[in-house]
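Keep in mind that this is a model prediction, so the values were computed, not measured. In what follows, residues are counted from 1 in the order of the sequence shown.
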Amino acid sequence: MANTSGGAAAKLAAEGLGGGGNIVSLDSCLTRLRVTVRDPGAVSDSMLGRSGALAVIRKGRTVEVAYGPRAAAVKESLENILKAHKSAL
């Protein structure tokens, strides 16, 4: 597991989830991110692992990424990345 800050983990997670354009929705619970993606094939488990993910669970277009207690911090940073991506379009 990579020891990355929320911001660094979120950058890697965005890449691992196929980029900002592939992320449809994002939510979290105490230990996991729950992400709906456009193309599940664009998701890279190895990249998510480099972001510090403890596990990646796929169910159709839903991807759950377990980060443990850092999930909320990663989600907040990932939301900021997605906002920047949308404003750049």
Side-chain angles (χ1 to χ4, degrees):
M1 173 180 72
N3 185 12
T4 55
S5 69
K11 287 179 187 175
L12 290 169
E15 224 177 298
L17 290 164
N22 196 41
I23 298 171
V24 175
S25 67
L26 173 66
D27 198 5
S28 69
C29 67
L30 287 174
T31 61
R32 295 180 184 189
L33 293 182
R34 289 190 191 98
V35 186
T36 303
V37 296
R38 285 184 174 77
D39 177 9
V43 176
S44 168
D45 290 11
S46 63
M47 180 66 72
L48 291 169
R50 286 195 295 268
S51 76
L54 304 171
V56 178
I57 301 101
R58 297 168 177 252
K59 297 174 189 171
R61 292 183 351 146
T62 300
V63 181
E64 291 188 11
V65 188
Y67 282 105
R70 299 180 325 126
V74 174
K75 177 190 176 213
E76 183 178 336
S77 296
L78 188 51
E79 286 174 330
N80 291 333
I81 290 169
L82 295 175
K83 285 178 191 170
H85 176 266
K86 286 181 182 178
S87 63
L89 295 178

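- Scanning for side-chain contact (heavy atoms from CB on, under 4.5 Å) contacts around A72 gives an empty result, with sequence neighbours left out.
- Here the shortest heavy-atom pairing between A9 and Y67 reads O-OH, 4.4 Å.
- Here A14 pairs with L78, I81 under the side-chain contact (heavy atoms from CB on, under 4.5 Å) rule; sequence neighbours left out.
- Annotation: side chain of V63 is in contact with side chain of V56 (closest heavy-atom distance under 4.5 Å).
- Partners of E79 under the salt bridge (charged side-chain N to carboxylate O under 4.0 Å, His left out) rule, at least two apart in sequence or in another chain, are K75.
- Taking the side-chain hydrogen bond (donor to acceptor under 3.5 Å, both in side chains) definition, one finds that T31 meets it with nothing, sequence neighbours left out.
- For R34, the side-chain hydrogen bond (donor to acceptor under 3.5 Å, both in side chains) criterion is met by no residue, not counting sequence neighbours.
- In summary, of the residues considered (L17, V35, V43, T36), a side chain to side chain contact (heavy atoms under 4.5 Å, CB included) with N22 occurs for V43 alone.
- The two residues C29 and A71 have their closest heavy-atom pair at O-CB, 4.0 Å.
- E76 CD to L26 CG: the interatomic distance, rounded to the nearest 0.5 Å, is 11.5 Å.
- Applying the side-chain hydrogen bond (donor to acceptor under 3.5 Å, both in side chains) rule to pairs touching residues 37-48 yields S44-S46, D45-R58, sequence neighbours excluded.
- A pairwise comparison of heavy atoms in A13 and S51 identifies N-CB, 3.8 Å as the closest pair.
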